[in-house]
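Presented below is the structure to which this report refers.
Within every chain, numbering begins at 1; the chains are lettered A, B, ... in the order of the sequence lines, protein sequences first and strands thereafter. All figures in this text were calculated on a predicted structure; none of them were measured in a lab.
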Protein chains: 2
Amino acid sequence: ICQLDHASRHYGSGETLVKAADAVSLSIEAGEFTVLSGPSGSGKTTVLNLVGLLDQPTDGTVSIQGTATGTLSDRALTQLRAASIGFIYQSFNLVPVLSAVENVELALNLAGITPPGGARAAATKALEDVGLGELLHRRPNQLSGGQQQRVAIARALVKAPVLVIADEPTANLDSQSGTRVLDLMRALNEERGVTFLFSTHDPMVIERARRVVHMKDGRVHEDIRASSG
Amino acid sequence: ICQLDHASRHYGSGETLVKAADAVSLSIEAGEFTVLSGPSGSGKTTVLNLVGLLDQPTDGTVSIQGTATGTLSDRALTQLRAASIGFIYQSFNLVPVLSAVENVELALNLAGITPPGGARAAATKALEDVGLGELLHRRPNQLSGGQQQRVAIARALVKAPVLVIADEPTANLDSQSGTRVLDLMRALNEERGVTFLFSTHDPMVIERARRVVHMKDGRVHEDIRASSG
Ligand SMILES: Nc1ncnc2c1ncn2[C@@H]1O[C@H](COP(=O)(O)OP(=O)(O)OP(=O)(O)O)[C@@H](O)[C@H]1O
Ligand SMILES: Nc1ncnc2c1ncn2[C@@H]1O[C@H](COP(=O)(O)OP(=O)(O)OP(=O)(O)O)[C@@H](O)[C@H]1O
Ligand SMILES: [Mg+2]
Ligand SMILES: [Mg+2]
């Protein structure tokens, strides 16, 4: 599904050089349920942005389903992202002037997807699945932090994309909401083969992953596949 | 230090009435180290905003050090906040055009505080204490999520205010950074008598609190003082 081959993301140069990601090689296969863990500042968001085509490496290559993305035009990259990737941002990035259900519907429209029952019905179901069925018409500034995070989650999942990238999706959730969201994602993974790549500090997410890639100082430090689950 | 007396915060009316906080009575004494816990959407941020004078109740009263705040002018409220309260926001709210150290210095300037060694030295020390000594000159968009959260923490602590209000201060931190921040706060509490009121979903924070106020549907559901600690 996605491969990083000695991919680096540098900022600045010389004295101010920061290696946010440092020659990271990582291969994500179809159907994986994989977590990136590691200390604050270790490069998790940077790697997720490279995998999700939100950023370009300063060195090395990123390939999606075999195609090296360095050769694609901006238009082709945007197309690929909208159609194949659902991204849950560390800071949500909801559209402030749209309601929760409109935010989720927008994702379907941008991806050119019209579900059988219509976009509004699919968006409503996605929000019900994360416990927000009563809050469809609220705008982001009328929602709590954890409610906003759950709208961002519904927006990524509603497309049932090839790959969902989730940057700390339970950071603002109590354990019950967090577990509900993770179970929803495991179901999508097991029933519809959606590939998941998370970053997290949450032990509950780590224990539900089938593979844990531990990062440190912009590099992959350890890569562990769980024997069960 | 702070008292809520049947304080409510309502949005909308009639059919759309939302009781974000519902007749909450809560008294925070000087020197407390208290956590508000509860599900996503239960009213924690709403209550913290009332205690921190960022919001006004639609019913009931909020008093700071004995003075009912409903009687104070906007100017007096702003003065009181800047001088006595350090607020760590759930979404950080850093000034985008200022560096980390400038963001922290600004808090001292706004409070009219000039520490003995100067504002720059105090701001530098506050950032070193949260592990960001190497990143003083970075702007918020050049920092990871957890690094931004730690700048927001340093900014609130540097004033050694009467009361620090922290809305999910460890949400984006790995367990090591989170523990370091909590130990820093316990030290300020025990050595300098700073009062702390947190909201959190993090079990590590809850177990370090001396009092846990559990919220549910905008109301105080349970109020437990730890026998030890
Ligand atoms: N624009 C930039 N300029 C310089 N350094 C940057 C920039 N953006 C990010 N960094 C640095 O890159 C490193 C990795 O950042 P990243 O956001 O990937 O960390 P993270 O693992 O997601 O952390 P967290 O758990 O705190 O979210 C950090 O040390 C950060 O300070
Ligand atoms: N402007 C608003 N209009 C209507 N309802 C609102 C508004 N702002 C907040 N609410 C509602 O008030 C309730 C309490 O919100 P609050 O942000 O205090 O929750 P919280 O406990 O901090 O949640 P979280 O753990 O997710 O951050 C939520 O149900 C939220 O949807
Ligand atoms: Mg991050
Ligand atoms: Mg909140």
Side-chain angles (χ1 to χ4, degrees), chain A residues 11-12 16 18 20 37-49 89-94 130-132 134-135 137-151 167-181 199-204 206 214-216 218, chain B residues 11-12 16 18 20 37-49 89-93 130-132 134-135 137-151 153 167-181 199-204 206 214-216 218:
Chain A
Y11 294 99
T16 65
V18 174
S37 72
S40 172
S42 56
K44 303 179 296 299
T45 294
T46 303
V47 168
L48 294 189
N49 288 345
Y89 297 83
Q90 192 164 359
S91 53
F92 322 150
N93 289 13
L94 300 177
V130 294
L132 299 180
E134 311 281 298
L135 306 179
H137 307 296
R138 296 274 188 88
R139 269 172 285 114
N141 68 354
Q142 296 172 326
L143 294 172
S144 78
Q147 289 165 346
Q148 292 176 36
Q149 187 152 40
R150 284 181 276 158
V151 177
D167 201 346
E168 299 195 32
T170 62
N172 287 281
L173 300 181
D174 55 285
S175 58
Q176 195 172 359
S177 309
T179 304
R180 176 175 186 167
V181 158
S199 82
T200 194
H201 294 301
D202 186 344
M204 180 277 287
I206 292 175
H214 192 79
M215 292 197 61
K216 201 173 170 192
Chain B
Y11 294 100
T16 65
V18 175
S37 71
S40 173
S42 55
K44 303 180 294 300
T45 294
T46 303
V47 168
L48 294 190
N49 288 346
Y89 297 84
Q90 191 164 358
S91 53
F92 322 150
N93 289 12
V130 295
L132 299 179
E134 311 281 298
L135 306 178
H137 307 296
R138 295 272 188 90
R139 268 172 286 114
N141 68 355
Q142 295 172 326
L143 293 172
S144 78
Q147 290 165 346
Q148 292 176 36
Q149 186 152 41
R150 284 181 278 157
V151 176
I153 290 165
D167 201 346
E168 300 195 32
T170 62
N172 286 282
L173 301 180
D174 56 283
S175 59
Q176 194 172 0
S177 308
T179 304
R180 177 175 185 168
V181 158
S199 83
T200 195
H201 293 301
D202 187 344
M204 180 277 290
I206 292 175
H214 193 80
M215 291 198 61
K216 201 172 169 192

Would you mind telling me which of [options] has the largest number of heavy-atom pairs within less than 4.5 Å of chain B?
options                      : result
A:Gln147, A:Gln90, A:Lys44   : A:Gln90
A:Ser42, A:Gly145, A:Ser91   : A:Gly145
A:Arg150, A:Gln148, A:Gln142 : A:Arg150

B:Ser175 side chain reached by B:Met204 side chain, heavy atoms, under 4.5 Å
no
Does a side-chain heavy-atom distance below 4.5 Å link A:Val151 with A:Arg138?
no
By a 4.5 Å heavy-atom criterion (distance strictly below it), what part of B:Ser144 contacts chain A: side chain, backbone, both, or neither?
side chain
Heavy-atom contact with chain A under 4.5 Å, split by part of B:Gln176:
neither
Could you state the interatomic distance from [atom1] ([X]) to [atom2] ([Y]), rounded to the nearest 0.5 Å?
X        : Y        : atom1 : atom2 : value
A:Met215 : A:Thr45  : CE    : OG1   : 10.0 Å
B:Ile153 : B:Leu173 : CD1   : CG    : 5.5 Å
B:Phe92  : B:Leu143 : CZ    : CG    : 10.5 Å
A:Asp174 : B:Glu168 : CG    : CD    : 9.0 Å

Which residue out of B:Gly146, B:Ser40, B:Gly178 racks up the most heavy-atom pairs below 4.5 Å with chain A?
B:Ser40
If you count heavy-atom pairs under 4.5 Å with chain A, which of B:Ser177, B:Gly38, B:Pro39 comes out on top?
B:Pro39
